[in-house]
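First the structure, in the form of structure tokens, and then the observations on it.
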Amino acid sequence: MSKIIEITVPDIGDFNNVPVIEVLVKAGDKVEKDTSLVTLESDKSTMEIPSSHAGTVKAIKLKVGDKVAMGSEILTLEVDEVTAAATPLETPAPFPAAEQMPASSTADSQQVHADVVVLGAGPGGYTAAFRAADLGKKVILIERHASLGGVCLNVGCIPSKALLHVAKVIAEAEDMGAHGVKFAKPKVDIGQVRGWKESVVNRLTGGLAQLAKQRNIQVIRGRGQFIAPHHIRVETAEGEMDVSFDNAVIAAGSQAVKIPSFPDDPRVMDSTGALALADVPKKMLVIGGGIIGLEMATVYHALGSKITVVELGEQLIPGCDKDIVKPLHKKIEKQYEAILLKTRVAGLEARKDGILATFEGENAPAPQLFDRVLVAVGRRPNGKLIGAGQAGIQVSEQGFIPVDKQQRTNVPHIFAIGDIVGQPMLAHKAVHEGKVAAEVIAGHKAAFDARTIPSVAYTDPEVAWMGLTETEAKAQGIEYEKASFPWAASGRALSIGADYGATKLLLDKDTKRIIGAGIVGPNAGELIAEAVLALEMGADAQDIGLTIHPHPTLSETLCFAAEMAEGTITDLYIKRK
């Protein structure tokens, strides 16, 4: 037997006439107990009202814009009579009432308030702050580093790309020797290279400071931690500051994974230490064959180091398809001292004359002495370093903070973005998440709904991919077709000595829509954007094949790959079945 019951707004504290900003279900929907039904927004926060029972929605009794209070009818629900009798009505936590400043605050601490506080000024954090300010919010941005930009701008993406440009120029000059243009061996002034790298960083971080100033954003430099659901305490050089807020965005990022058994020695570096470019070691060990490790290997090899790369997995850049990584592997195995796959570093010993490394695995060599060691085995989120528990924020064992599609944590007025919410840990993902969080706070209907997030290794050659890889498609049982175009048939690739490159498209077997792509070769990181747009727009192979690309360019290789899938390619001869 079933019965119809009314679902009403439970006790939400001392709040009346609270606007409904979203209705999350419709008549006929089947809902489980605790399924969110509507979203309400007070002047302090937003919250979702869950269903007290499982059942089928019969009729919606309110709409967006209606104002409700405790007891207001939300909908009618058809439920099993036994279930209805057995399920007590549970009420969610009420909207946060106005808090008193925590008792631990001292009389000497400064106290400030903002509509939105952003914790962390990396690409995601400053984007969230700038967007919130543009939408009319009073914003405070908290950053522990002296400059805005976070890890990415200060000790990550930007300085690494500056150094990779140096490496590229050196490599291209050397490659031209095979074509009749010989240059003398480069003389590297490491101090001047370091200075140029830092000038690039300073120009960008200085620009961010100006953009924050133009938006009247208050920047507080110091280490911030939550001390209550609406309060963050910041340890600054001048003393403590207590910051209260209506909404907060956590953009506290991640840090390099450290291996506890390795010695605490300046010659054992993480990516930050490697980018400091203290010197150019004669022999350098890179632990980790992922993007960060290989990019730093590219830089130090170009500057004169003899490189050994150790990777525990079966291939370099494990997240990418092997055929796309293969041209990179073939090139660098001729340049580096060794690439050791299925191998781990069992131990490091600090000696006066270097760091002694011992190895284990299928390809483990005898112990070797290195001048420097780069540990690039991944990054871990900073979720456990921000006092999240004081605000009731859920944090996983690994340090990640779970969020919904609106970037909202389990505490409705606190949002999280970037590395701290999960993989992939990429700046361009954080930027889009930051905009979503700011727009949701400002009352806009926004959600993070990217169909794919591209990845790029700025190695030599570059490797880029997006959407499904073949490995993932096979694991998920997805039927697909593959079309690969070898750059040996590209006039532009041949003219720049990049005949080893390749462009691959994966297509849905039935619809021929793009579901994945991989590119290896110069400027792969730029070229992959067209494939990302194709996937987002639902384009098929014919759409790309009929799009006129400029000639001669590397961008044509995407068109040629699509033509191979369509059977219309003329730049190669494909024997007909």
Shortest non-hydrogen separation from Asn410 to Gln394 and the atoms involved: OD1-N, 2.8 Å
Considering all heavy atoms of both residues, which atom of Ala391 and which atom of Ile414 are nearest to each other, and what is their separation? CB-CD1, 4.0 Å
Full working for side chain to side chain contact (heavy atoms under 4.5 Å, CB included) between Arg144 and Glu235: CA-CA 9 Å; Arg144 62 189 176 95; Glu235 298 288 341; over 6 Å; no
Between Leu141 and Gly120, what is the shortest heavy-atom contact and its length? CD1-O, 3.7 Å
How many angstroms lie between atom CG of Leu316 and atom CG of Leu294, to the nearest 0.5 angstrom? 5.5 Å
Of the non-hydrogen atoms in Ala297 and Val286, which two are nearest, and what is the gap between them? CB-CG2, 4.2 Å
Give the minimum heavy-atom separation between Ala437 and Ile417, together with the two atoms involved. CB-CG2, 4.1 Å
Around His145, counting heavy atoms of other residues, nucleotides and ligands shown, do more than 12 lie under 6.0 Å from its NE2? yes
When you look at CG of Asp189, are more than 12 heavy atoms from neighbouring residues, nucleotides or ligands closer to it than 6.0 Å? yes
Is the shortest side-chain heavy-atom distance between Thr409 and Pro402 below 4.5 Å? no
side-chain hydrogen bond (donor to acceptor under 3.5 Å, both in side chains) between Asn523 and Glu462: does it pass, once the steps are laid out? CA-CA 6 Å; Asn523 301 322; Glu462 291 184 9; over 6 Å; no
Gap separating the CD1 atom of Ile544 from the CD atom of Glu530, nearest 0.5 angstrom: 5.5 Å
Using a strict 4.0 Å threshold on nitrogen-to-oxygen distance, state whether Asp134 and Arg131 make a salt bridge. no
Heavy-atom check, side chain of Leu328 versus side chain of Ile317, under 4.5 Å: yes
For the CZ atom on Arg223, are there more than 12 heavy atoms of other groups (residues, nucleotides or ligands in this structure) within a distance under 6.0 Å? no
Is the closest side-chain donor-acceptor distance between His549 and Ser555 under 3.5 Å? no
Could you check Val193, Thr459, Leu163, Asp460 and say which one makes a side-chain contact (heavy atoms from CB on, under 4.5 Å) with Val299? Leu163
Could you tell me whether the side chain of Ile453 reaches within less than 4.5 Å of the side chain of Met466, counting heavy atoms only? no
Does a side-chain N-to-carboxylate-O contact under 4.0 Å join Lys384 and Glu397? yes
Pairwise side-chain contact, Pro123 with His428, heavy-atom cut-off 4.5 Å (strictly under): no
So, Gln110 versus Asp242: side-chain donor-acceptor pair below 3.5 Å or not? no
Answer yes or no: is there a donor N or O on one side and an acceptor on the other, between the side chain of Tyr458 and the main chain of Cys157, under 3.5 Å? no
In plain terms, say whether Arg233 and Glu240 are close enough for a salt bridge, that is, a side-chain N and a carboxylate O under 4.0 Å apart. yes
Pairs involving residues 116-143, ordered by first then second residue, that meet ring pair (Phe, Tyr, Trp, His ring centres under 6.0 Å) (sequence neighbours left out): Tyr126-Phe130
Say you draw a straight line from CD1 of Ile420 to CZ of Phe400; how long is it, rounded to the nearest 0.5 Å? 9.5 Å
Electrostatic pair Lys435:Glu439 at N-O distance under 4.0 angstrom: no
Does anything in residues 154-165 pair up under side-chain hydrogen bond (donor to acceptor under 3.5 Å, both in side chains), and if so which pairs, sequence neighbours excluded? Lys161-Glu295
Please check if the number of heavy atoms outside Gln214 that lie under 6.0 Å from its CD is greater than 12. yes
Report the C-alpha distance between Leu37 and Leu24 in whole Å, list the side-chain angles of each, state the deciding distance to 0.1 Å, and finish with yes or no for side chain to side chain contact (heavy atoms under 4.5 Å, CB included). CA-CA 5 Å; Leu37 304 176; Leu24 303 172; 5.8 Å; no
Would Gln423 and Met425 satisfy side chain to side chain contact (heavy atoms under 4.5 Å, CB included), going step by step from the backbone distance to the final call? CA-CA 5 Å; Gln423 300 286 358; Met425 292 183 175; 3.6 Å; yes
Within a strict 4.5 Å, meaning less than it, do heavy atoms of the Leu374 and Val268 side chains meet? no
Output for pair (Asn202 CG, Ile158 CD1), nearest 0.5 Å, gives 12.5 Å
Does the side chain of Leu277 reach to within under 4.5 Å of the side chain of Leu303, using non-hydrogen atoms? yes
Count the heavy atoms belonging to other residues, nucleotides or ligands that lie under 6.0 Å from CZ of Arg492, then report whether that count exceeds 12. no
Given 3.5 Å as the limit, does a donor-acceptor pair link the side chain of Gln210 with the main chain of Gly207, or not? no
Kindly compute the distance separating CZ (Arg408) from CG (Asn247), expressed to the nearest 0.5 Å. 8.5 Å
If we ignore hydrogens and angles and just use 3.5 Å, is the side chain of Arg380 paired with the main-chain N or O of Gln398 as donor and acceptor? no
Could you go through Ile519 and Trp465, starting from their C-alpha distance and side-chain angles, then the distance that decides it, and tell me whether this counts as side chain to side chain contact (heavy atoms under 4.5 Å, CB included)? CA-CA 6 Å; Ile519 305 174; Trp465 68 99; over 6 Å; no
Nearest-0.5 Å distance that lies between atom CD1 in Ile259 and atom CD1 in Ile287: 6.0 Å
For the backbone of Val431 and the side chain of Thr127, can you confirm whether one donor and one acceptor N or O come within less than 3.5 Å of each other? no
Side chain of Lys137, backbone of Ala129: donor and acceptor closer than 3.5 Å? no
Any donor and acceptor pair, going by atom type alone, linking the side chain of Gln225 with main-chain N or O of Leu385 inside 3.5 Å? yes
Any Lys/Arg nitrogen of Asp279 or Arg372 sitting under 4.0 Å from an Asp/Glu carboxylate oxygen of the other? yes
Parallel, tilted or perpendicular for His413 and His230, by the 30°/60° rule? parallel
Leu148 and Ala121: which non-hydrogen atoms are nearest, and at how many Å? CD2-CB, 3.7 Å
side-chain hydrogen bond (donor to acceptor under 3.5 Å, both in side chains) evaluation trace for Ser244 with His231: CA-CA 4 Å; Ser244 60; His231 288 89; 4.6 Å; no
Can you find a heavy atom in the side chain of Gln406 that is under 4.5 Å from one in the side chain of Phe448? no
Using only atom types and a distance under 3.5 Å, with no angle test, would you say the side chain of Ser305 pairs donor to acceptor with the backbone of Pro281? yes
Side chains of Asp115 and Val139 in contact at under 4.5 Å (non-hydrogen atoms): no
Determine whether a donor-acceptor pair (N or O, by modelled atom type, separation under 3.5 Å) exists between the side chain of Gln407 and the backbone of Ala416. yes
